[in-house]
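Notes for the one structure printed next.
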Amino acid sequence: MKKTFFLLVLSSLILILLDYLTYLNFLKKPLENPIIYVKKTVYTKSADFRFLPHLLANYKSVTEKLDSYEENRRSLIELQVTLDELKNENDSLRKQLGSPLPPDYLFIPARVIAWSRYLELDIGFKDGVREGMAVVEGRTLIGSVNKAADFRSRVLLLTDEDIAVPAITDRGTRGIVSGRFNKTVLFDQVLQKDPLFIDDLLLTSGEANYPPNLIIGKISHIQSDDAAVYKQATVESEADIPLFKKVFVVERT
Amino acid sequence: MVLAIIIETVFLSFPFTLLLSMVAVMLLGRKSLWLVFLAGISLDLFSLRLLGLDSLIFLLVAALILRYSRKFQLQSVWYVLSFIFTAVGLYSLYFYQQFFNLLYLLLTLILSVSLMYFLSFSVNYEYTDKKPLAV
């Protein structure tokens with residue numbers, strides 16, 4: 001029996017080494033598609049179930065949000081009419097100029113297939129996803145790709161300790177956004193002399209492969225110690241991850 | 001086990017597979033080593049980790065359980081519970097960055113107690129090939 005144990009431990013160590021040296025990719029490739037299929041199916045089917053604890057835990061804020069959404073919906077309808085008019089005007093002007101504006105960034109659409117510590121997407125290396133690319137939903141930053149297999153990729157979220165996003169507030173205060181215990185988002189390394197207030201909007205500064213002006217969230221709590229070099233703030237993230245089905249991976253062209 | 005791997009890697013960052021592996025070792029003893037190894041490999045494949053990493057961890061946990069099998073055999077609830085909590089806590093902290101999450105602590109407690117209850121009714125469970133001490 002001891003032989004079996006040592007044989008299995010040895011096999012595990014050999015597998016780790018071979019996988020680290022990427023010699024096992026030929027074995028993993030055929031398994032990618034069935035895994036993606038299973039994960040996608042389960043993730044889609046479990047949407048209501050996943051949202052239930054979130055709803056129960058945040059019932060009050062969800063109802064408040066619903067009210068504000070209803071107000072926003074009404075004003076959006078009015079805006080939509082104006083937007084349509086402006087869009088038509090813009091299209092005709094572009095045609096007239098004959099020069100469609102080149103986008104600075106390429107957006108690769110992806111479906112979310114899992115969300116535990118990381119967010120997992122159904123696109124990978126073969127679709128042009130590389131490690132370090134930013135992942136967004138609308139103008140909101142969700143995180144960055146930290147591992148890309150051939151057909152799927154893993155996204156490091158803003159709540160993760162391993163992420164470091166250079167950020168700037170709407171007052172011009174700079175710092176680094178990182179996570180803590182997969183729960184909270186922190187705005188760290190802010191100089192004591194720099195102004196920082198609750199409800200300040202936090203955006204990406206455009207450094208470290210992140211596109212500029214992506215929304216990260218709002219400052220909700222400030223921890224300041226006069227003896228420390230830096231001050232720190234908790235950020236209320238704008239990303240509502242349980243609701244995400246489709247996101248975009250951003251590539252700088 | 002398959003369901004545990006799917007739940008763990010799709011939407012709930014809780015080490016169900018580790019918990020089930022520990023129970024499998026307590027129930028089946030050394031016979032469960034292959035099962036634990038395969039569960040680890042499957043979890044690695046599903047969670048995009050280095051292949052073999054989880055199987056190695058599960059095997060080391062299994063080795064600890066088998067090494068101290070007599071203490072488990074005495075059915076000391078606190079001993080088994082503290083072992084499960086430590087293993088699940090360390091694993092969650094390292095892989096899922098979960099630290100003192102009340103929901104997960106409750107989940108660990110409920111799952112371990114129910115599985116231990118199941119254990120106590122299991123007649124054929126064995127931790128080791130050695131015969132138990134006659135008192």
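These numbers come from a predicted model, not from an experiment. So you know, we letter chains A, B, ... as the sequences are listed, proteins then strands, and number each from 1.
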**OP:** Taking atom CD of A/E236 as the centre, report whether more than 12 heavy atoms of other residues, nucleotides or ligands fall under 6.0 Å from it.
**Re:** no

Subject >> Which atoms of A/I113 approach chain B - backbone, side chain, both or neither, heavy atom under 4.5 Å >> reply: backbone

Original post:
Counting heavy-atom pairs under 4.5 Å to chain B, which of A/S11, A/S153, A/S116 comes out on top?
Top reply: A/S116

Original post:
What option among B/D54, B/D44, B/L60, B/L53 has the most heavy-atom pairs under 4.5 Å with chain A?
Top reply: B/L53

**OP:** Output yes when a side-chain donor or acceptor of A/R117 lies under 3.5 Å from a complementary backbone atom of B/S13, and no otherwise.
**Re:** no

**OP:** Measure distances from A/I16 to the heavy atoms of chain B and classify the residue's part below 4.5 Å as side chain, backbone, both or neither.
**Re:** both

Original post:
More than 12 non-hydrogen atoms from neighbouring residues, nucleotides or ligands closer than 6.0 Å to NZ on A/K28, yes or no?
Top reply: yes

Subject >> Part of A/L8 lying under 4.5 Å from any heavy atom of chain B >> reply: both

Original post:
Tell me, do A/R152 and B/L48 make a side-chain contact under 4.5 Å, heavy atoms counted?
Top reply: yes

Subject >> Residue pair B/Q97 / A/D162, side-chain heavy-atom distance below 4.5 Å >> reply: yes

Subject >> Atom group of A/V9 that falls short of 4.5 Å from chain B, counting heavy atoms >> reply: both

**OP:** Below 4.5 Å from any heavy atom of chain B, which atoms of A/E120 appear? Answer side chain, backbone, both or neither.
**Re:** side chain

Subject >> Minimal non-hydrogen separation, B/R49 against A/K147, with atom names >> reply: C-NZ, 4.3 Å

